[in-house]
Amino acid sequence: MKQLFTVFPVVLIFMALLPLGCVAAQTPAIKEPQNTMIGVGTWSTQAEFKDIQVTRDGKTLFQSDLYNGLGDWKIGRGQWQVVDGVLRQTGAETDANALATIPEGGDYTLSLKARKLSGSEGFLITFRSPDENTVERWNLGGWNNTMHAFELTGAAPVQMQGSVETGRWYDVRIELQGSAIKGYLDGKLVQQLTRMDAPRNWGDWPKWGDQGDGTYKNPVVPSDYSDLDCIRVGSDYYAISSTFQFSPGVVILHSKDMVNWTILGHAVSDITQIGPDMDWDRMNRYGKGIWAGAIRYHDKKFWIYFGTPDEGYFMTTATNPAGPWEPLLPVLKSGGWDDCCPFWDDDGQGYFVGTHFGDGYKTSIFKMSPDGRELLLETAVQINQGAGREANKLYKINGLYYHLFSEVKGEGRAVMMQRSKSIMGPYEEVRQLNHADRQFNEPNQGGLVQTEKGDWYWFTHHGTGAWEGRCASLLPVTWIDGWPILGQVGPDGIGTMVWTGKKPVLGTKIITLQTSDEFNQTSLPPQWEWNYQPRPEKWSLTERPGFLRLKAFKPLATDNLLKAGNTLTQRSLRTNSNEVVVKLDLRGMAGGQKSGLCHFASPHYSALGVVQEGTNRTLEFNIGGKTTFGPTLTGNDLWLKSVWGLDGQSQYSYSLDGKTFTDFGDPYQLQWGSYRGDRIGIYSYNNKTDDGFVDVDFFHYIYDNPQNRKAH
């Protein structure tokens, strides 16, 4: 795409940013007059254009009178002439363009006729999106006369079948409505997509979440909330996410609009209920532990079911989603199963769907006991198999039973659905709901939710992980022929990623995820998760009120942060700016002890902290076991900081007074590992003995978010 930008260096500028929406039906017409530009061009080709017109709501905004010369057109490049009302590019330059200004921008329809006279390429129609940094064009026949659809900054061109025929007039119509673009050739819709408010590169989203004007931008949660499921109960939305080896397990989110989320709590307070390998004295479940699950509301209670790849399926229930949740109950003690979902029919009978990935990805439906605590294994019916199928969800909508799942296709992992008139099948009708969208990290697992107004949305993770993990986006759902199509519906009836939209519920407050902690409560707030189950007698919030006391003990492997118990963590966010400052009181440290601030995603980690040998304390920087020592520390107070931006390049620094910070260590690239994004954490261990402690005064995490942007 970089080469294309040199073709039209000054093409098509909107004078102001315009409000964006998901689809035309959700975005009102823009009434304010705003100048914009349109253009026609060629690439190593001679072509003709005529009957050029721009309309809105049946009214003509611009109509080119080419019988009297160029008129409103400005020649950018190439050799142009007007003959009998036809704008002709007569040369065979590498590129040529002609531009015209129309008096209003926003929503409009551009129509014209175009034909190729000669040459090796095709012709282009250019226009402008509300994003002043985004060029949009329709490239018909270029390059090598291969048919392409819209080309936009931040999105690869979509290749179509066929080529441009020499000498044939094509009727071209481009409809711009809100954030939707539709392209027609000879009256046939051949391409439809959302105007790209998409990142040029993955992770380049300087504005995300609630925009404060009734719209939102994806991702709505730019952090590691993987394997999502989501439901609505009344006017409240609840979502759960997998937590793997972190404790407490199964994080629960709450929202009033599916855009602004807070961390409500966790469903599993003690992950050793799953098995002993989840405890601090084994730490043997990186990449395993709690995988995808589902949350449902039935019989005035909340129900959560999830699977672990080694131990089987578990369930728990609560009357309040904030807890307390009942102790875990195993419903299937067998490895090799994943991605489950319960369902209760209108008569109260419970069902359960899950995939046996250990046996060729066979997916089966079971009946459950009346109390939902047991799978009736003899009732199992296999409903599909293969292609890495997972992400199971069950729904009953308008009397039909729908099984949602994902599978690996040639284009990547896509979301599929099959339906039946009977919950146990046969499921003979199958439909693909979205394209894989690999350039957008494959949104492929989440929950279908209907708002109180009746609109449908899909709250999903992006299934290909980057350093921030598998972040969360919200996509509109369009029902077509009884199937919920996810995102922007294309001419093939299959959905693609949507980056902007109107909030499902208007008038809600901007709320952001919790991060900072003063450690002035008697329990840890819900943003915190330990790496594995902590050793309970080795940490306290009450021994010194207002501080977190982390007591040191021997790691399972010397000087290996990933084998050190009682590391307290939370998710790192991918935003414009992130700053974490932690203040440590070192008075209680003992010989052999190490404490500090860290980033990690197994097998990767980095840390800046203090090591005590005898009575001497020294600053230490550690990347994956390679250490660099800094100055000797003489005081008892130490401030440690990590800062990073959208690129995930973290720079550590330290301070002895809390005011002046000195960078130390090379920048560290935050990493993805073991299906998890980067975590930032506080650690304390002792290579020599179970002795010593560090008192943590505060943990301040300030990040760029819609709430503090609005405040300024």
Side-chain angles (χ1 to χ4, degrees), residues 224 243-249 251 266 270-272 277-287 289-290 469 515 517 519 524-541 547-572 580 582-584 586 588-589 592-611 620-625 627 638 640 642 650 652 668 670-671 673-674 676-687 690-696 698-699 701:
D224 194 9
T243 47
F244 288 67
Q245 85 281 357
F246 292 101
S247 179
V251 64
H266 294 80
D270 184 351
I271 60 172
T272 62
D277 286 312
M278 303 287 282
D279 210 353
W280 62 269
D281 58 354
R282 294 201 186 182
M283 302 180 71
N284 191 32
R285 282 296 181 264
Y286 283 112
I290 296 175
T515 51
D517 194 359
F519 300 112
L524 289 168
Q527 66 264 32
W528 291 111
E529 293 169 356
W530 299 93
N531 188 26
Y532 291 92
Q533 187 68 19
R535 189 174 175 181
E537 74 277 11
K538 288 294 186 177
W539 70 277
S540 174
L541 288 167
F547 290 78
L548 166 68
R549 176 160 290 179
L550 281 178
K551 301 177 183 180
F553 55 95
K554 288 183 179 180
L556 301 181
T558 301
D559 271 333
N560 186 343
L561 179 70
L562 300 177
K563 291 293 185 179
N566 282 27
T567 299
L568 186 62
T569 82
Q570 59 178 268
R571 294 161 180 81
S572 300
V580 170
V582 61
K583 182 184 178 184
L584 305 179
L586 311 178
M589 291 190 69
Q593 185 181 352
K594 296 188 176 187
S595 300
L597 184 67
C598 64
H599 286 278
F600 72 92
S602 175
H604 316 284
Y605 67 87
S606 67
L608 178 64
V610 57
V611 54
E620 180 187 61
F621 177 60
N622 185 338
I623 294 185
T627 58
L638 177 65
L640 300 173
S642 173
S650 162
Y652 288 102
Y668 172 70
L670 306 185
Q671 299 280 344
S674 300
R676 305 308 297 166
D678 178 76
R679 292 280 177 133
I680 189 160
I682 311 166
Y683 66 93
S684 182
Y685 64 89
N686 193 318
N687 285 319
D690 289 5
D691 194 16
F693 62 86
V694 64
D695 284 336
V696 186
F698 60 75
F699 178 96
Y701 183 172

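- A search for side-chain contact (heavy atoms from CB on, under 4.5 Å) contacts involving Thr627 returns Glu620, Asn622, Phe629, not counting sequence neighbours.
- Considering every non-hydrogen atom in both Phe244 and Met278, the closest pair reads O-CE, 3.4 Å.
- Between the side chain of Asp224 and the backbone N or O of Gly469 there is no donor-acceptor pair closer than 3.5 Å.
- Looking at residues two or more places apart in sequence or on another chain, you find a side-chain hydrogen bond (donor to acceptor under 3.5 Å, both in side chains) between Arg679 and Glu529, Thr569.
- Judged by distance alone, the side chain of Gln533 and the main-chain N or O of Asp270 form no donor-acceptor pair under 3.5 Å.
- Using a 4.5 Å heavy-atom threshold, the side chains of Gln593 and Asp691 count as separate.
- The shortest non-hydrogen separation linking Ser595 to Met589 is OG-CE, 4.1 Å.
- With sequence neighbours excluded, the residues that form a side-chain contact (heavy atoms from CB on, under 4.5 Å) with Arg282 are Pro276, Asp277.
- Leu548 has its side chain within reach of Leu541: a pair of non-hydrogen atoms, C-beta onward, lies under 4.5 Å apart.
- Checked against side-chain contact (heavy atoms from CB on, under 4.5 Å), Pro534 has the following partners two or more places apart in sequence or in another chain: Ser247, Trp530, Trp539, Asn566.
- Checked against ring pair (Phe, Tyr, Trp, His ring centres under 6.0 Å), Tyr701 has the following partners two or more places apart in sequence or in another chain: Trp644, Tyr703.
- Here the side chains of Phe699 and Gln570 are in contact, with some heavy-atom distance below 4.5 Å.
- Taking the salt bridge (Lys or Arg N to Asp or Glu O under 4.0 Å) definition, one finds that Lys563 meets it with nothing, sequence neighbours left out.
- Note that CG of Leu568 is 11.5 Å distant from CD1 of Ile680, once rounded to the nearest 0.5 Å.
- Screening residues 596-606 for salt bridge (charged side-chain N to carboxylate O under 4.0 Å, His left out), with sequence neighbours left out, gives no hits.
- A 4.5 Å side-chain heavy-atom check between Val251 and Arg571 finds at least one atom pair inside the cut-off.
- Of all the heavy atoms in Tyr652 and Ser606, the pair that sits closest is OH-OG, 2.8 Å.
- Rounding to the nearest 0.5 Å places CZ of Phe519 at 13.5 Å from NZ of Lys583.
- When all heavy atoms of Thr243 and Gly249 are compared, the closest pair comes out as OG1-CA, 3.2 Å.
- Here the closest non-hydrogen pair linking Leu584 and Gly596 is CD1-CA, 4.0 Å.
- In terms of the side-chain hydrogen bond (donor to acceptor under 3.5 Å, both in side chains) criterion, residue partners of Asn531 (sequence neighbours excluded) are, by chain and number, Gln245, Tyr286.
- Rounded to the nearest 0.5 Å, atoms CG (Asn284) and CG (Leu556) are 9.5 Å apart.
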Listing, residues 597-605 side-chain donor-acceptor contacts under 3.5 Å, not counting sequence neighbours, or none:
from, atom 1, to, atom 2, distance (Å)
His599, ND1, Asp678, OD2, 2.8
His599, NE2, Ser642, OG, 2.8
Tyr605, OH, Gly625, N, 3.2

Exercise. For Ile682 and Thr567, run side chain to side chain contact (heavy atoms under 4.5 Å, CB included): C-alpha distance rounded to whole Å, both residues' side-chain angles, the deciding distance at 0.1 Å, then the answer.
Key: CA-CA 6 Å; Ile682 311 166; Thr567 299; over 6 Å; no

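- Ser540 is linked by a side-chain hydrogen bond (donor to acceptor under 3.5 Å, both in side chains) to Thr542, counting only residues two or more places apart in sequence or in another chain.
- Qualifying side-chain contact (heavy atoms from CB on, under 4.5 Å) partners for Lys554, counting only residues two or more places apart in sequence or in other chains: Asp690.
- For Arg285 against Tyr532, the heavy-atom pair with the smallest separation is N-OH, 2.8 Å.
- The shortest distance between side-chain heavy atoms of Leu524 and Asp517 falls below 4.5 Å.
- Remark: Asp279 pairs with no residue by the side-chain hydrogen bond (donor to acceptor under 3.5 Å, both in side chains) rule, at least two apart or across chains.
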